[in-house]
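Structure first, commentary second.
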Amino acid sequence: METMEIDSPTPSSGEETKAIVVILMGLPGSGKSTFCDHVMRSSSRPWARICQNMLLQVFDEMSQRVSSDLVGFITLLRLFDLSLTLLHHDTINNGKSGTKLQCLSSATSALKEGKSVLIDRCNINKEQRVDFLKLGGTKVEKHAVVLDFPAKLCISRSVKRTGHEGNLQGGKAAAVVNQMVPKKELPKLTEGFARITFCQDEKDVKESINVYGLLGPLDSLPSGCFGNKNSDTKTQLGIMKFLKKVEPSSNAGSEPTISQKLIPNEISPGKDSGLQGTKKASDLTGVAHKKLEEAAAASDNIPTLAFPSISTSDFQFNLEKASDIIVEKVEEFVGKIGKAKLVLVDLSHKSKILSLVKTKAEQKNIDSHKFSTFVGDITRLRSQKGLHCNVIANAANWRLKPGGSELDIATKEKADCLSPGNALVVPLPSSSPLFTREGVTHVIHVLGPNMNPQRPDCLKDDYVHGSELLRKAYTSLFEGFSSIVKSGTEVHSTNDDHKLKREAAYEFDMNKKYKGCEKDPQPGLSDFRDVRKIPDEKVSLETTKTWGSWAQALYNIAMHPENHTNVVLETLDDVVVMNDAYPKAKRHILVLARANGLDSIADVHREHISLLKSMHDVGFKWAQKFLNEDKSLSFFRLGYHSAPSMRQLHLHVISQDFDSGHLKNKKHWNSFNTPFFIDSVDVIKELDEVGKVTLKNDKFLSMELRCHRCKSVHPNVPRLKAHISSCQASFPAALLQNGRLVSSEDNTNFCE
DNA sequence: GTTCTAGAAC
DNA sequence: GTTCTAGAAC
C-alpha cells in the first residue's frame, strides 16, 4: 500500500482524505465483483471492497416489505434456495459480507482507515443506495458505476456461473434477476452522487476500471455523468445491436452528447474528458467543473418544443380558426408536459398568426413560462437567438432550410409516409448540425390539412374536417413531444447506425389511414391504403399500396365466407368466425367484421361500438365453447393487434397456453403478449369514452421475451416456450381485471 | 457443428 | 401473414 504524501492528511483523520465511495450498481451477473477485483488489483490507492452477498441482500430487501402472501413467501424461499447456490461466488476472501448494516459499518471503518470503498452489491434502486450515500458525510465523494447490461445477458452470465449443475439453477438465477429488473432505477446526481459512470458494454467497463484503477491516493475525478444511459429495457435490443456494430474508431472518439446536458441536473462534459488517465484527471478537475458550470448556465435545462404554425402558410388554413386551435391545444397540453415548454415560432415580426395566438393565449391566461411565441428561424434558434429548444417540429409540407439536408437523410424514409393529422418523432444523429449547433435532439415531423386548391388533397372549404385534422396534428405533435419529455430526453448514441435510428423513430398516429377530401375509394382501390408521400420540394399525392397481396385473405373470406367453408366456423350477418390458419395456441380463432372499409382497429370509431360488441360476444361464446370442451385450456384472451398484418378487422380469440408449432418467433409472441395486443374490452371502453383507439407502437414486437404469467425474461423463443409449458404462476393482476382474461368460470362478460 | 434470429421475398 | 436462408450466436 502506498504511503500518503507528507502534506496529505493522515489516514486516521479519514474525513480529510480524498477517499471516495464507489457504489456499484448492476443486476446479478453484470460483473460488479469482477469490476472491483480489477480496480483493486491495479490501484495504488487503498481500497476496501464491501460485498453483501446475494442471500443477505435478498433477505434485506424482502424484510423491508412485510410480505404476508403466499406467493411472496414462496418467492422468498426460492430466492433463498438460489442464494445458497450463488453464495460461493459473491463472497470472496477479502470481501466483507453480511447484512446491509454490516456493510455500512464495514464501509465506515474502512473510510476511517483512509481507504476508499467499493460497495459491491446490486444497489438496484434509490432506496437501496440511500444509506450508502450518507457514508463519510458530505466530505467523501460518492460515485456510482452503473453496469447496465440487459437482463437477458445478466441471466445468461448468472446461469453460467452457477450452471454446471444443471438448468434448475439457471432458472433460479433468472428468477432472481427477473425479480430485480422491474425495481431497477438508474442513479441520478440529485441522489447525492458527484460522479456517475454508465457502462453499457465491456469497453465502457474496461475504461471505467482504468479510471478507478489508475486513481492514485490523492487524485480526484471530474464530476458529472459519463457514458450513455439506457433508461429502459425497451431499448435494450437496439443497444445490443448497436454494441455489435460499434466501430473501434467511433467509440474511441465518443463526443460529448449535447442531449445529456438537457437532463436536468445531470450535465455531462462527455466521456473523453471523464475517462482521462489519472494524472490528467486531477489536473482537469478544475477545468471540467468550470465547463460544467458554464454549460449549466448557458443551457436552459427545461425541455422545449419549438413549433411552427401548421397548415397556415402554404396550406392556407384560415388564421383565425388555426389560432383558436393552437391555443386550445396548447392549453390542453401545458398541463400534461410537466416543466417542459412550448414555443410557437415564426420567421417575421409581422406574423399575423403569432400575434393572434399571443393575444388569445393571454386572454386564456396560459402560463407564459410554459408557452410563448418567438420570432426566428426555427432551425437556428440557439445559434442566432440564444433560445435552446431540444425538440423542433417540422411542418412536413415545407423543407427545413439549407442545412436541413442532413435531416432529410436521417428521416426521409419515415417522413415520407406521414398522413395529415399525424406526427413522426425522429431522433437526430449526433453528426447532424442541428444536433451539434442547435442542441436539437429530436425533430417531430407533422403534417396538417391542406386548404390550398393549388396543392394536392385540398379540403376546399371543409373546415369541419380541416379543423378536426389540424387538432389531430397538434395533438400528435404535442403527444410526440410529451413522450420525449417523459422518456427523460434519452441520450442517443453517437453511432450513426441508421437502422437504429429507424427503430427509434416512432409515429404518433391514432388513425394511420387518412381518408382524404376525395370521394370514397373506389372498390378496386379499397385494396390500397391512402398514404400521401411528401417529396422534398412540394406536396403531392401518391397512392401507396401497403397491404400486400398475401394480406387480402381475411378480406376475401369476410366478403365471401361461402367460398371458404373449410376454415369458416360460423357466418352471421355482421361477422364471420374462422380458424386461424396458423394458430399460435391450442385454440386460436378469428372473428372477422364483414363491413367493407374496416381494415383494422385504426379505422374503428364510436359508431362501430355495436359491431365490436357483437364481435366480442361471438368470440366470447366460442371461447366458452372451447373451455367447456377442454377444461385444460383454462384461459382465453380476446383482442386486436395494433397494426395487423392482414387486412380486414379481426378479433383474435386465443387460448393462453400458446402451445403451438406455429408460434415461432419474437413477433409472434409479442403480438399477443405486449400492449401491441389490445384487449377487446379495452377497445370498446376506449371507443365509448374517447371515440377512438390509441394504438400501440410496433416497438413492442421487438421487446424482450417475457413469460405472460410470471413475467420472467427468456433469451430466445425455444427457451421461452419451454418455460411457458410449465409455468403455473398466476396471471398479472391487470389481466385478471375487467374481464380481459376469460376462464371457464367466467360467464359474465358479455357486452350488453 | 447446431440453433436461432432477422430480413427479403412472396 | 409464412417461407427461406445467411450468418450470428452458441
Side-chain angles (χ1 to χ4, degrees), chain A residues 29 149-161 163-164 166-167 170 173-174 201-202 235-247 413 497-504 527-529 544-558 564 566-568 576 578-585 588-593 599-602 639-654 658 660-673 676-677 698-706 713-724:
Chain A
F149 295 110
K152 194 169 135 179
L153 184 65
C154 298
I155 290 171
S156 84
R157 284 180 180 174
S158 298
V159 168
K160 274 179 195 153
R161 69 185 189 188
H164 53 276
N167 280 336
D201 61 5
E202 290 305 333
T235 50
Q236 283 177 355
L237 185 85
I239 291 293
M240 288 306 280
K241 275 190 202 158
F242 160 71
L243 292 178
K244 286 170 200 159
K245 287 172 187 166
V246 170
E247 299 292 328
E413 301 165 49
D497 186 333
H498 282 259
K499 279 189 178 162
L500 191 65
K501 297 291 180 242
R502 223 171 28 238
E503 281 165 9
D527 286 4
F528 302 91
R529 285 192 159 216
T544 310
K545 178 181 164 182
T546 53
W547 295 113
S549 56
W550 44 262
Q552 306 296 332
L554 300 182
Y555 172 80
N556 294 333
I557 295 170
H564 302 88
N566 52 333
V567 289
V568 170
V576 170
M578 62 176 284
N579 276 313
D580 191 295
Y582 299 89
K584 303 298 185 292
H588 181 186
I589 62 167
L590 305 176
V591 181
L592 310 182
D599 284 346
S600 78
I601 200 72
Y640 299 86
H641 284 159
S642 284
S645 300
M646 306 283 279
R647 178 183 171 213
Q648 192 64 15
L649 181 67
H650 55 281
L651 171 71
H652 289 270
V653 177
I654 184 166
F658 294 106
S660 162
H662 294 294
L663 200 161
K664 292 175 176 169
N665 58 44
K666 187 176 266 189
K667 185 176 172 182
H668 291 155
W669 177 257
N670 283 337
S671 69
F672 290 100
N673 292 290
F676 184 87
F677 184 88
D698 60 6
K699 74 184 175 207
F700 286 110
L701 295 177
S702 53
M703 273 171 63
E704 56 196 351
L705 296 163
R706 278 183 186 275
V713 181
H714 299 269
N716 56 47
V717 174
R719 294 271 286 274
L720 170 78
K721 291 179 81 171
H723 167 83
I724 58 171

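Naming convention: chains lettered A, B, ... in sequence-line order (proteins, then strands); numbering from 1 in each chain.
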Problem - Gap between atoms CD1 and P, on A:I557 and C:dG1 respectively (whole Å) - result: 13 Å

Practice task
Rounded off to whole Å, could you give me the OH-to-C1' distance for the A:Y555 and C:dG1 pair?
Solution key: 18 Å

Problem - Whole angstrom value for the distance that separates P of C:dA8 from NZ of A:K666 - result: 17 Å

Could you go through nucleotides 2-6 of chain C and list every protein N or O atom that sits under 3.5 Å from one of its N or O atoms, giving the distance for each pair?
unit_1: C:dT2; atom_1: OP1; unit_2: A:K584; atom_2: NZ; d: 2.8
unit_1: C:dT2; atom_1: OP2; unit_2: A:H668; atom_2: NE2; d: 2.6
unit_1: C:dT3; atom_1: OP2; unit_2: A:K664; atom_2: NZ; d: 3.1

Handout entry: Whether A:K721 side chain and A:N716 backbone form a donor-acceptor pair below 3.5 Å
Key = no

Handout entry: Qualifying residues under side-chain hydrogen bond (donor to acceptor under 3.5 Å, both in side chains), relative to A:H668, sequence neighbours excluded
Key = A:N665

Practice task
Could you list the residues that satisfy side-chain hydrogen bond (donor to acceptor under 3.5 Å, both in side chains) with A:N579, not counting sequence neighbours?
Solution key: none

Problem - Plane angle bin for A:F658 and A:W669 - parallel if under 30°, tilted between 30 and 60°, otherwise perpendicular - result: perpendicular

Exercise for the section: Assign the ring pair A:F672 / A:H588 to parallel, tilted or perpendicular, where the plane angle (0 to 90°) is split at 30° and 60°. Expected result: perpendicular

